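As the structure lists them, so they are numbered: ligands from 1, and atoms in each ligand from 1. What you are looking at is a predicted structure, and each value in this text was computed from that prediction instead of being measured. Nothing fancy with the numbering, it's 1 onward along the sequence.
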Amino acid sequence: MGTALVYDDEMTKYKLLWVDPVCELEVPERLQVSHQALVRSGLAGRCVPVPVREATDEEVLLVHSAEYLEGVKKTPFMDLEDLMAFTQQYGDVYFHPNIYHCAKLAIGATLQLVDRVMTGKVRNGMALVRPPGHHSQTSQANGFCVFNNVAIAAQYAKKHHGAKRVLIVDWDIHHGQGIQYCFEDDPSVLYFSWHRYEHQSFWPNLRESDFDSVGSGKGAGFNINVPWNQVGMGNSDYLAVFFHVLLPVAYEFGPDLVLISAGFDSAIGDPEGHMCATPDIFAHLTHLLMNLAGGKVCAVLEGGYNLTSLAQSVCQTVQTLLGDPPPHPANLGGPCESALESVHSARSVHKKYWSCLQHAGEPSTKTCRPAQQDGPQGPQSNGGGEAQKEAIAWPEPLQRVAPSVRTALVLPDAVPCADGCERFSPAEGPDSMATAGLRKHFLKESEDGVNVKLLYNITALVGKMEKNEVWHCLPFPFVPSYVLCVCSKHLHINFNHTLTYGCGDTVGLMQAALGLLLPLGYQYAPGLVLLVRPPGCRAREDLWLQLTGLLQGLAAGHTLVLVQENETASVGITASCLLGNAAPSLGSLAAPGPEDVESFERLRLRLQTDWPLLQTTETW
Ligand SMILES: COCC(O)(O)CCCCCNCCCN
Ligand SMILES: [Zn+2]
């Protein structure tokens, strides 16, 4: 199954017709440069093109009021004066004779994408649309938005595709208050948003954008706000929020559809965001969501105003949706103090709604903080819309080359090769020197039963992976691990020291994978991931497939999975995961056992000094 790309240049055919310094950012070129970058990089050609359509009135009315729709319907016939008058009743938005048409196409594009993903015609996809949507509300336009594309898509997926639980991840740097209002008391839609807030001094300056807005009534717990109270947040800050707030809750929620309000004003260089996360981080954020909902992920463009980082970030997102493993993450440190405070606040206010957060600390009682530290990236800008003093530069994201062979299998002749993979056996066997070396490094004298030739095959494969000729392989059968491996009974991290984490059940292991293994792995930045499936893990096949999927975010996807010889039935489905297909959904996760949580937290406390990406609370 492929990745859909929904785009039509008709949506570039409206613009600001008068002077308004707030709205001049939102230009047609945003869509043009994004689409052109996808075409020039060859990514558009790898996608399934899906045509746009106009939304029907009924679809608009899933979120908006009839009177608002009737008002917007009049705008195509208004002259400049009337358009300006009509615009005055709303904030930070502009109208144009063609914007109503484009706003219906933006909804239609989004719903076309949802249709194809929910009916399995494609695995996932992206809709490149404007006007964006997440600020618009029942009866008002706001923040460049006319209709709320993503909110309408969530209601549509529930109504027309029977979706029971929809996760909306809003990584735009502004709070999508329109979406929050729409699902305030609705437990079937979990809305997650991070946003520049600076203690309510940043637009839209709403008290309800803070972390303590958790939803109301039956919807309590299903609205998660992570406010950024400083600018300059970087890759480690974003990943910390995913590992310690969003992903544990998302896996517990168990969505059957993921909608991404994909705004890229949260990328470096953006005049609105003033953040420092680099475009390649969106490859990781996308990857970390792709094993939820059986891979049903729809990304919908929201904001993004630096045309360079916008285009680069869109390409990183689409290339990952296509199944290409993300690039090595740029030098990751730990989250900054301010980010930790936001993480801690969000976790503590949600601990009563989500069992995966049961161990989160109490809301921080700290009132006075030490003297204002330099933010994550040196002295802070004074917030607000100050002009960018010096042009911010960042390295162009590295080429993510797709090697000729994506997944190689080392199998006994009797085991059939999985489709899409290639059977591997080096031309010549190990010579005497190689044999001696392998015995010396890998085998204890008592183990000479292990097949030296097999080990030789594995080292030959690893050699090919290093040269990027092969991405993954599935040698056969079980041999000792030597890089980074995970066993259901223990978490072995064989570098510098071996870390053992015992946990009893699937939930415990899944939460440990999200809150311990992934942050450790991202910070360790291994060159190779070795996933050793221990005997008897067939019983939890879907969990192991989740790990196989998630861990491909490391080592630029160089993954070695070792399967027990009596588990040939796992070869095909594991190979499918290595080929980039999503792991089957785990459904909603139950609560992890208290003893698992205890040992998890003890381990985190022990390790977080050396591995700061494990932190979830301020250190002072
Ligand atoms: C889905 O909309 C995309 C977006 O979130 O990027 C829109 C941002 C509107 C930013 C408005 N700034 C007003 C500043 C007033 N001093
Ligand atoms: Zn935005």
### Task
Just jot down the ligand 1 atoms closer than 4.0 angstrom to any heavy atom of Y305, in number order.
3 (C), 4 (C), 6 (O), 7 (C), 8 (C)
### Query
Just wondering, is there an N, O or S atom on H134 that's nearer than 2.8 Å to the Zn ion (ligand 2)?
no
#### Entry: atom 16 (N) of ligand 1 protein-contacted, heavy-atom criterion under 4.0 angstrom
no
### Query
Would you call H174 and D265 a side-chain contact if the rule is heavy atoms closer than 4.5 Å?
yes
### Query
Considering residues, nucleotides and ligands other than K13, do more than 12 of their heavy atoms fall under 6.0 Å from its NZ?
yes
### Query
Any side-chain heavy-atom pair from T317 and W171 closer than 4.5 angstrom?
yes
#### Entry: Member of V117, L292, T286 meeting the side chain to side chain contact (heavy atoms under 4.5 Å, CB included) criterion with V258
L292
### Query
To the nearest 10°, how many degrees is the angle D172 OD1 to the Zn ion (ligand 2) to D265 OD2?
110°
### Query
With a cut-off of 2.8 Å, does E302 place any N/O/S atom under that distance from the Zn ion (ligand 2)?
no
### Minimum heavy-atom distance between V314 and M126, given as atom pair plus value
CG1-SD, 4.4 Å
### Task
Please indicate whether any nitrogen or oxygen in E302 is less than 3.5 Å from any nitrogen or oxygen in ligand 1.
no
### Heavy-atom gap E272 to ligand 1 smaller than 4.0 Å
yes
### Task
Considering the heavy atoms of H134, write down every atom of ligand 1 situated less than 4.0 Å from one of them.
1 (C), 2 (O), 3 (C), 4 (C), 5 (O)
### Message
Looking only at N, O or S atoms, which one in H174 sits nearest to the Zn ion (ligand 2)?
### Response
ND1
### Summary
One finds that the ligand 1 atoms under 4.0 Å from a non-hydrogen atom of V22 are 13 (C)
### Query
By number and element, which atoms of ligand 1 are closer than 4.0 Å to a non-hydrogen atom of G143?
2 (O), 7 (C), 9 (C)
### Query
Under a 4.5 Å cut-off applied to non-hydrogen side-chain atoms, are T278 and P397 in contact?
no
### Task
Just jot down the ligand 1 atoms closer than 4.0 angstrom to any heavy atom of D92, in number order.
13 (C), 15 (C)
### Query
What are the atoms of ligand 1, with element, lying closer than 4.0 Å to any heavy atom of H174?
4 (C), 5 (O), 6 (O), 8 (C), 10 (C)
### Message
Can you confirm if the NZ or CZ of R30 lies within 45° of the ring axis of F264 and under 6.0 Å from the centre of its six-membered ring?
### Response
no
### From T87 atom OG1 to M78 atom CE, the distance as rounded to the nearest 0.5 Å
8.5 Å
### Query
More than 12 foreign heavy atoms under 6.0 Å from NZ of K121: is that the case here?
no
### Task
Any atoms of ligand 1 less than 4.0 Å from a non-hydrogen atom of G303? List them with their elements.
3 (C), 6 (O)
### Query
Closer than 4.0 angstrom: is that true for some heavy atom of C145 and an atom of ligand 1?
yes
### Message
Below a 4.0 angstrom heavy-atom separation, can you tell me which part of L25, side chain or backbone, both or neither, approaches ligand 1?
### Response
neither
### Query
In this structure, are over 12 heavy atoms from other groups packed under 6.0 Å from Q89 atom CD?
yes
#### Entry: Element-labelled atoms of ligand 1 that are located less than 4.0 Å from some non-hydrogen atom of D172
3 (C), 4 (C), 5 (O), 6 (O)
### Message
Check D57 with K73, please: is the shortest side-chain N to carboxylate O separation under 4.0 Å?
### Response
yes
